[in-house]
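First comes the structure, then the notes that go with it.
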Amino acid sequence: MPMTAPTTSPSKSPIGQPISRVDGRLKVTGRAVYAADTQQSNVCHAVLVGSPIAKGKITSIDTSEAEKSVGVIKVVTPENRPKIGAPKKGDPMSG
């Protein structure tokens, strides 16, 4: 079955129009391949840890145990984080 996009004129909205779901059969039979199904090598994951205290002041952070954990590459805190420069004027993607 060829994939077809809905044809619309400038005055007709594509919302509510039929669309060919060429991947539908694969999805409902469990044979569709998703990005999460692929194995990647050299992947690094990050985990943010928040405070369970709503209002307080952090006086120190001991990262020694976390840094010794197997697989940990870096523990980033406000004390050792990379500096982020000011955005360049007119560039919404900088900084």
Side-chain angles (χ1 to χ4, degrees):
M1 176 188 307
M3 184 171 158
T4 57
T7 56
T8 61
S9 65
S11 63
K12 190 173 183 184
S13 170
I15 296 173
Q17 300 300 313
I19 184 169
S20 176
R21 300 300 304 248
V22 297
D23 58 347
R25 184 176 303 275
L26 293 173
K27 287 181 177 179
V28 299
T29 59
R31 293 183 294 154
V33 179
Y34 296 89
D37 297 332
T38 61
Q39 294 280 328
Q40 300 293 323
S41 60
N42 297 321
V43 176
C44 180
H45 298 278
V47 177
L48 296 176
V49 179
S51 173
I53 300 170
K55 186 174 182 178
K57 183 175 183 178
I58 297 171
T59 57
S60 67
I61 300 174
D62 181 3
T63 61
S64 59
E65 289 297 315
E67 291 168 346
K68 289 190 276 186
S69 297
V70 175
V72 171
I73 298 170
K74 179 87 173 170
V75 177
V76 181
T77 69
E79 287 80 34
N80 68 353
R81 69 172 172 80
K83 301 299 179 208
I84 300 173
K88 295 176 185 149
K89 188 174 183 178
D91 183 2
M93 297 304 289
S94 70

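Atoms considered below: every heavy atom in the structure, side chains included; atoms not considered: hydrogens, waters and symmetry mates. Along the sequence shown, residues are numbered consecutively beginning with 1.
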For this session: State, yes or no, whether a side-chain contact exists between Lys55 and Ile53 at a heavy-atom distance under 4.5 Å.
Result: no

For this session: Supply the atom-to-atom distance Ser51 OG to Lys57 NZ, rounded to the nearest 0.5 angstrom.
Result: 14.5 Å

Problem set entry | side chain to side chain contact (heavy atoms under 4.5 Å, CB included) assessment of Lys83 paired with Arg81 | CA-CA 6 Å; Lys83 301 299 179 208; Arg81 69 172 172 80; 4.3 Å; yes

Exercise. Of all heavy-atom pairs between Val72 and Ala66, which one has the smallest distance, and what is that distance?
Worked result: CG2-O, 3.3 Å

Seminar exercise, completed: Scanning both residues in full, the closest heavy-atom pair of Asp62 with Ser64 reads OD1-OG, 2.7 Å

Problem set entry | Non-hydrogen atoms of Glu67 and Val75 that approach each other most closely | CG-CG2, 3.5 Å

For this session: Please name the pair of heavy atoms, one in Ile58 and one in Ile61, separated by the smallest distance, quoted to 0.1 Å.
Result: CG2-CG1, 3.7 Å

Seminar exercise, completed: In terms of heavy-atom contacts, Ala35 and Thr38 come closest through O-OG1, 2.8 Å

Exercise. What distance do His45 atom NE2 and Ile73 atom CD1 have between them, rounded to the nearest 0.5 Å?
Worked result: 9.5 Å

Exercise. Any idea which heavy atoms bring Asp37 and Ala32 closest together, and the distance?
Worked result: OD2-O, 3.8 Å

Exercise. Can you list the steps and then say if Gln40 with Asn42 is a side chain to side chain contact (heavy atoms under 4.5 Å, CB included)?
Worked result: CA-CA 7 Å; Gln40 300 293 323; Asn42 297 321; over 6 Å; no

